[in-house]
Protein chains: 2
Amino acid sequence: MTATSTRQRLLDAALVVVAREGIAGTSARVIAAEADVNQALVFYHHGSVDELLATASRDVSARRAARYTDALQDITSFTALTAVARRLHDEEQGSVDRLVLTQLLAGARTRPLIAAALRANMALLVAPVEATLARLVAGTALEEVLPVPELARTVAAGFLGLELLDGVVTDIEAAPFPALEAIAGVVDLALQAGTIETAVLRRRLRRANAEVASDAEPG
Amino acid sequence: MTATSTRQRLLDAALVVVAREGIAGTSARVIAAEADVNQALVFYHHGSVDELLATASRDVSARRAARYTDALQDITSFTALTAVARRLHDEEQGSVDRLVLTQLLAGARTRPLIAAALRANMALLVAPVEATLARLVAGTALEEVLPVPELARTVAAGFLGLELLDGVVTDIEAAPFPALEAIAGVVDLALQAGTIETAVLRRRLRRANAEVASDAEPG
DNA sequence: GTCTATACATGGATAGAC
DNA sequence: GTCTATCCATGTATAGAC
């Protein structure tokens with residue numbers, strides 16, 4: 001086994017440093033120290049700190065997307081979807097990958113290279129969620145009222161929100177999942193033919209949707 | 001009218017700078033320049049940059065909580081709740097207050113003073129949401145299966161997730177709300193007596209809940 | 001309360017020897 | 001590919017005059 005290349009050591013170290021020091025505390029010097037290499041090599045191998053972070057971000061998100069795709073492929077109910085969300089969240093507790101994303105999102109607001117990397121990465125992350133949701137609503141009354149691509153982004157964003165707050169507002173840690181699972185239970189029930197007649201649900205959903213639309217443009 | 005005090009000018013400027021430059025680009029010098037006062041006055045009036053940010057954060061969150069409390073007080077359905085979420089989101093488009101929270105959350109990971117301020121602030125933010133949800137489920141079949149305090153934190157966190165991604169992953173901007181409103185419609189329908197008999201829903205929800213619990217501890 | 005001046009640390013990035 | 005040395009900008013914070 002050859003020793004890990006300096007280039008790769010810097011990529012790994014960058015993620016560790018971002019997770020530990022935050023985006024504001026991440027510098028070429030600190031990353032190099034973490035990788036135990038000379039500071040100038042950050043610029044030799046990666047051009048700039050932001051390019052290094054962008055590359056590292058692409059790597060970590062590819063790993064994350066693969067993990068999500070794998071975990072979601074057998075999902076057949078909203079209840080199961082929330083259970084997977086809980087499991088993924090638990091598995092990522094304290095992991096480097098988890099802390100990095102929120103730090104990079106904050107950094108992306110002012111650093112174009114990081115923003116570009118995250119945009120590409122978010123698409124990877126949303127794809128498996130979208131595929132799963134499309135499978136879940138196919139053939140149900142929800143199919144014609146739920147905008148699946150948008151819902152997938154909403155779900156991914158909400159999940160991110162939980163990860164973002166976890167550890168800062170510490171009392172939120174395990175709390176979200178029972179709540180989400182209870183709601184998923186209601187939705188799953190609503191989808192079961194026999195509990196609500198599909199035709200009735202469809203009609204009512206359409207009516208409710210129309211009301212929302214008219215509420216949104218008052219007077 | 002007396003001119004705004006230097007102390008207050010610094011508080012206002014701090015938020016502007018955090019929103020514009022991000023937490024990583026926020027320094028005493030930049031804040032002082034934005035406030036058009038001398039750099040040393042940051043330390044004279046606020047002790048340190050982090051203390052200034054913590055104070056400013058408390059102020060901005062108090063404003064935000066007041067806005068939310070006001071907007072939520074007349075909510076009587078989940079559909080209306082999502083409509084309010086959409087309105088609040090739209091109103092905060094491009095506002096200083098909106099960008100600040102995510103930046104401070106990222107900063108909180110490594111800066112104790114900011115973390116403490118945000119913890120206090122999050123409680124303010126969750127309170128009106130919790131009160132609203134408690135009102136919504138009171139007397140319905142959901143009352144005994146939904147953990148309201150946890151759900152309130154989940155909703156707040158999810159909302160934050162949307163705000164966090166908005167502007168970075170640009171295609172998410174307006175998308176979440178139709179999706180959320182469609183789901184809220186389903187939940188509201190499920191709660192309407194006559195659509196589903198309450199007793200049936202209760203029994204099924206309990207059973208679904210039990211299945212989730214046993215799924216969570218396999219083999 | 002506000003200013004100038006300054007000490008001192010850290011950071012991005014490059015030149016040039018090896 | 002890697003190292004040392006260095007330039008220069010920016011940042012925190014304080015001392016002391018006004």
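Everything quoted here is computed from the prediction, not taken from an experiment. Just so we're on the same page: letters track the sequence lines, and every chain starts at 1. Computed over heavy atoms, backbone and side chain alike; hydrogens, waters and symmetry mates excluded.
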Open item on the list: Show every side chain to side chain donor-acceptor pair (under 3.5 Å) that has at least one partner inside residues 94-105 of chain A, sequence neighbours left out.
Closed with: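 Sorted result for residues 94-105 of chain A: A:Arg63-A:Asp97, A:Gln93-A:Arg98, A:Arg98-A:Asp166.
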
- [ ] With sequence neighbours excluded, give me every side chain to side chain donor-acceptor pair (under 3.5 Å) pair touching residues 28-45 of chain A.
- [x]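 Passing the test, one end in residues 28-45 of chain A: A:Arg20-A:Glu34.
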
Output the rounded distance in Å from [atom1] ([X]) to [atom2] ([N]).
X       : N      : atom1 : atom2 : value
B:Ile23 : D:dG11 : CD1   : P     : 13 Å
B:Leu53 : D:dG11 : CG    : P     : 13 Å
A:Leu10 : D:dG1  : CG    : P     : 12 Å
B:Leu41 : C:dA5  : CG    : P     : 15 Å
A:Ile31 : C:dA13 : CD1   : P     : 11 Å

TODO: Could you tell me which residues satisfy salt bridge (Lys or Arg N to Asp or Glu O under 4.0 Å) with B:Arg111, sequence neighbours excluded, listed by chain and number?
DONE: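 With sequence neighbours excluded, B:Arg111 shows a salt bridge (Lys or Arg N to Asp or Glu O under 4.0 Å) to B:Asp50, given in chain and number order.
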
- [ ] Please answer whether the main-chain N or O of A:Ile75 pairs with a side-chain N or O of A:Arg135 as donor and acceptor at a distance below 3.5 Å.
- [x]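 The answer is yes, because a donor-acceptor pair under 3.5 Å joins these two groups.
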
TODO: Write out all pairs satisfying salt bridge (Lys or Arg N to Asp or Glu O under 4.0 Å) with one or both partners inside residues 40-49 of chain A, taking only residues at least two apart or from two chains.
DONE: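 Not a single pair qualifies under salt bridge (Lys or Arg N to Asp or Glu O under 4.0 Å).
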
Please tabulate the protein-to-nucleotide N/O contacts below 3.5 Å involving nucleotides 12-16 of chain D, giving atom names and distances.
{"from": "D:dT12", "atom 1": "OP2", "to": "B:Ala28", "atom 2": "N", "distance (Å)": "2.7"}
{"from": "D:dT12", "atom 1": "O4", "to": "B:Arg29", "atom 2": "NH2", "distance (Å)": "3.0"}
{"from": "D:dA13", "atom 1": "N7", "to": "B:Gln39", "atom 2": "OE1", "distance (Å)": "3.2"}
{"from": "D:dA13", "atom 1": "N6", "to": "B:Gln39", "atom 2": "NE2", "distance (Å)": "3.2"}

TODO: Name the closest nucleotide to the A:Asn38 side chain, picking from C:dG11, D:dC3, C:dC3.
DONE: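 Output: D:dC3.
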
TODO: Kindly write out the residues that satisfy side chain to side chain donor-acceptor pair (under 3.5 Å) with A:Gln73, not counting sequence neighbours, or none if the list is empty.
DONE: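 Expected list: none.
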
